[in-house]
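Every number for a ligand or one of its atoms is a count from 1 in the order of the listing. Position 1 is the first residue of the sequence; numbering continues from there.
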Amino acid sequence: MANIVAIVGRPNVGKSTLFNRLTESRKAIVDSESGVTRDRHYGKSEWNGLTFSVIDTGGYVQGSSDIFEAEIRKQVKLAIEEATIILFVLDVSEGITADDKVVADLLRRGKKKVFVVSNKVDNFERQGLTGEFYALGLGEPYNISAISGSGTGELLDDVVKNLDADINDEELTIPKFAVVGRPNVGKSSLINALLGKERNIVTSIAGTTRDSINTRYTSFGHDFLLIDTAGIRKKSKVEEDLEFYSVMRSIRAIEDCDVILLLIDAQLGLEAQDINIFRLAETNRKGVVILVNKWDLIEKTTNSTKDYEEKIREKLAPFRDVPIVFTSALTKQRVLKAIEVAEKVYENRIKTIKTRHLNDVMLPIVENQPPAAIKGKHVKIKFINQLPTHAPTFVFYCNLPQYVTEAYMRFLENRMREQFDFAGVPIQLFMRKK
Ligand code: GDP
Ligand code: GDP
């Protein structure tokens, strides 16, 4: 299960300020990874050694400076469905408003763990004012000032106590593939193409994420878990809700999986929302396979797949090393091929490269093209090691890590990708002082 903390509340109580504070320390890390654009409403946070996702649900609602009650309701319902823990933010300087009551009513009925966060407690005087929030019936308020950060430590101490510490332990050792993509791209059709007739040889796994249908597929020598994000209620939703739902579902599914099968519509090409999902997977360091679906609708020329691939890769830069499969969920063309590719990406993601081999291959490359000297300082890389983490991470030990440029890190990453197959897998390289 994913650890997702959702921030809810009416406008102007300080949700995005709190979001920024919680995701701040991670932001620096993510931003330094070249080219990774951050979602302003979704980020990672870490406290007491536990990593979790933070979502500012208010940020996903249109026109959030002047929104209607209906929008607030929508936001809170989503948080109740998708989050593990909800932070209900209130503004102590304004007390309880009618909108706050709407939120509180929904949260009381929802079954999720809620923390009442009394924000803008900037000084001692204001501490006396938070008492009224008890009346909401959602427990003791936590006094914080999102601007200064005071009180957030105590809040986080209690938040992480309610999160799943064993999140990194694989519940199942079989590969988990999430089928993600925008509405109507063909996710349900793909799942049906895979499972349709074989429903009888398929077992649903109990205890997996509520609301997303996880199915174990065991046949023809394959064994994997499919996480379906198509959603049950999608047919009844209007367009904008659909988009919102698909974002929330994607986040959850991406966290739960090892590899995403990102479906894009062949007729539309790779669009901004597809790239957002791609970046989410990259940020979470999950494997990616891109399926260009509805390929049956495209008129083919001799170079159509090659040209198409190139266009996609340009938009994915700098992480271009991603398998692309042209599928038709309708005719089942290359549907099994897509699964085989996903299995390969899964293998790429979990493999470890022997230290000896890693050094034998990479040290000569480094010697041949060392980092450029900066201000007369020469960087010497002495030793390389893979960390025992869930996604490929490599540490380069050297004398002056601070002098290694982003460009050189990219050079190293590209050589690593050439030498060892990491297709579809985000890898991380670090320089560390020996
Ligand atoms: P949101 O609409 O709930 O996301 O609220 P914002 O995070 O945009 O904050 C609304 C306003 O409250 C902004 O002007 C913030 O600077 C201010 N604000 C947020 N947190 C605090 C706080 O702890 N103390 C004070 N005094 N102002 C705050
Ligand atoms: P979802 O919203 O992503 O689950 O998309 P659906 O699986 O419901 O598909 C949306 C529509 O696209 C349906 O009418 C499907 O029949 C159609 N569709 C899905 N995959 C393909 C495909 O590969 N080729 C064609 N021509 N149509 C497809």
Side-chain angles (χ1 to χ4, degrees), residues 7-23 40-41 54-61 63-67 71-72 75 87-94 97 99-100 103 117-123 125-127 130 142-152 155 178-196 212-213 228-235 237 239 242-243 245-246 249-250 253 261-268 273-274 277 291-299 325-335 338:
I7 303 174
V8 304
R10 64 180 170 80
N12 288 317
V13 290
K15 293 186 297 301
S16 66
T17 309
L18 179 60
F19 170 83
N20 287 334
R21 179 156 288 284
L22 297 186
T23 55
R40 282 178 300 122
H41 317 303
V54 186
I55 299 172
D56 172 9
T57 50
Y60 282 106
V61 177
S64 34
S65 62
D66 180 29
I67 61 174
E71 293 290 307
I72 299 177
Q75 175 213 125
L87 305 184
F88 174 22
V89 183
L90 296 127
D91 181 343
V92 75
S93 66
E94 296 195 23
T97 70
D99 282 341
D100 290 334
V103 177
V117 178
S118 172
N119 189 33
K120 310 196 187 181
V121 184
D122 304 330
N123 52 46
E125 270 159 53
R126 284 188 169 178
Q127 281 188 11
T130 61
Y142 286 75
N143 295 343
I144 71 156
S145 166
I147 279 191
S148 73
S150 79
T152 51
L155 172 65
V179 178
V180 296
R182 280 178 295 146
N184 284 320
V185 69
K187 296 182 296 298
S188 316
S189 306
L190 179 79
I191 304 260
N192 285 339
L194 280 165
L195 305 178
S212 67
I213 310 158
D228 173 8
T229 61
I232 308 152
R233 290 145 307 165
K234 67 168 195 171
K235 300 296 181 219
K237 295 283 166 185
E239 194 65 24
L242 263 181
E243 198 60 57
Y245 262 102
S246 72
R249 273 175 205 292
S250 300
L261 304 177
L262 172 56
L263 273 72
I264 68 167
D265 188 321
Q267 291 181 302
L268 300 174
Q273 287 133 348
D274 303 320
I277 297 181
L291 308 190
V292 182
N293 192 41
K294 309 197 185 180
W295 191 240
D296 55 293
L297 298 178
I298 301 292
E299 211 166 306
V325 185
F326 295 84
T327 57
S328 169
L330 203 66
T331 70
K332 299 196 182 186
Q333 194 185 19
R334 282 188 286 273
V335 161

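The option with the heavy atom closest to atom 19 (C) of ligand 2, from among S189, S328, A266, is S189. If you check each of N184, D296, V335 against atom 25 (C) of ligand 2, the one with the closest non-hydrogen atom is D296. Here atom 4 (O) of ligand 2 lies nearest to S188 when heavy atoms of G181, A193, S188 are compared.
For ligand 2, the atoms lying closer than 4.0 Å to a non-hydrogen atom of K187 are 1 (P), 2 (O), 3 (O), 4 (O), 5 (O), 7 (O). Against a heavy-atom cut-off of under 4.0 Å, L297 is close to the following atoms of ligand 2: 26 (N). Atoms of ligand 1 found under 4.0 Å from any heavy atom of S16 (numbered from 1 in listed order, with element): 1 (P), 4 (O), 6 (P), 7 (O), 8 (O). Every atom of ligand 2 with a heavy atom of R182 under 4.0 Å away is listed here by number and element: 3 (O). Ligand 2 places these atoms under 4.0 Å from at least one heavy atom of A329: 20 (N), 22 (C), 23 (O).
Remark: the backbone N or O of L263 is not paired with any side-chain donor or acceptor of N293 at under 3.5 angstrom. A donor-acceptor pair is defined here as one N or O able to donate and one able to accept, closer than 3.5 Å; no such pair exists between the side chain of R182 and the backbone of I264.
In this structure, the separation between NZ on K15 and CD1 on I55 is 14.5 Å, given to the nearest 0.5 Å.
Among the atoms of K294, some N or O lies under 3.5 angstrom from an N or O of ligand 2. Between V13 and ligand 1, an N or O atom pair is found at a separation short of 3.5 Å. Polar contact with ligand 1: present for D122 (N/O pair, distance under 3.5 Å). Distances between N or O atoms of S148 and those of ligand 1 include no value under 3.5 Å. Residue I144 has no nitrogen or oxygen atom sitting less than 3.5 Å from a nitrogen or oxygen atom of ligand 1, judged on distance alone.
Contact annotation: for V121 versus ligand 1, there are no heavy atoms closer than 4.0 Å.
No hydrogens or angles considered: a donor-acceptor pair under 3.5 Å links the side chains of R10 and T97. Side-chain atoms of T331 and D296 form no donor-acceptor pair, as typed in the model, at a separation below 3.5 Å.
Under the side-chain contact (heavy atoms from CB on, under 4.5 Å) test applied with V179, the options I191, L291, L194 reduce to a single match, I191.
Distances from ligand 1 to the non-hydrogen atoms of P11 include at least one value under 4.0 Å.
When all heavy atoms of K120 and N12 are compared, the closest pair comes out as NZ-O, 2.9 Å. Contact record, A193 with A329: CB-O, 3.7 Å, taken as the closest heavy-atom pair. The shortest non-hydrogen separation linking V103 to F88 is CG1-CE1, 3.3 Å. Scanning all heavy atoms of the two residues, the minimum distance from L262 to D274 falls at CD2-O, 3.7 Å.
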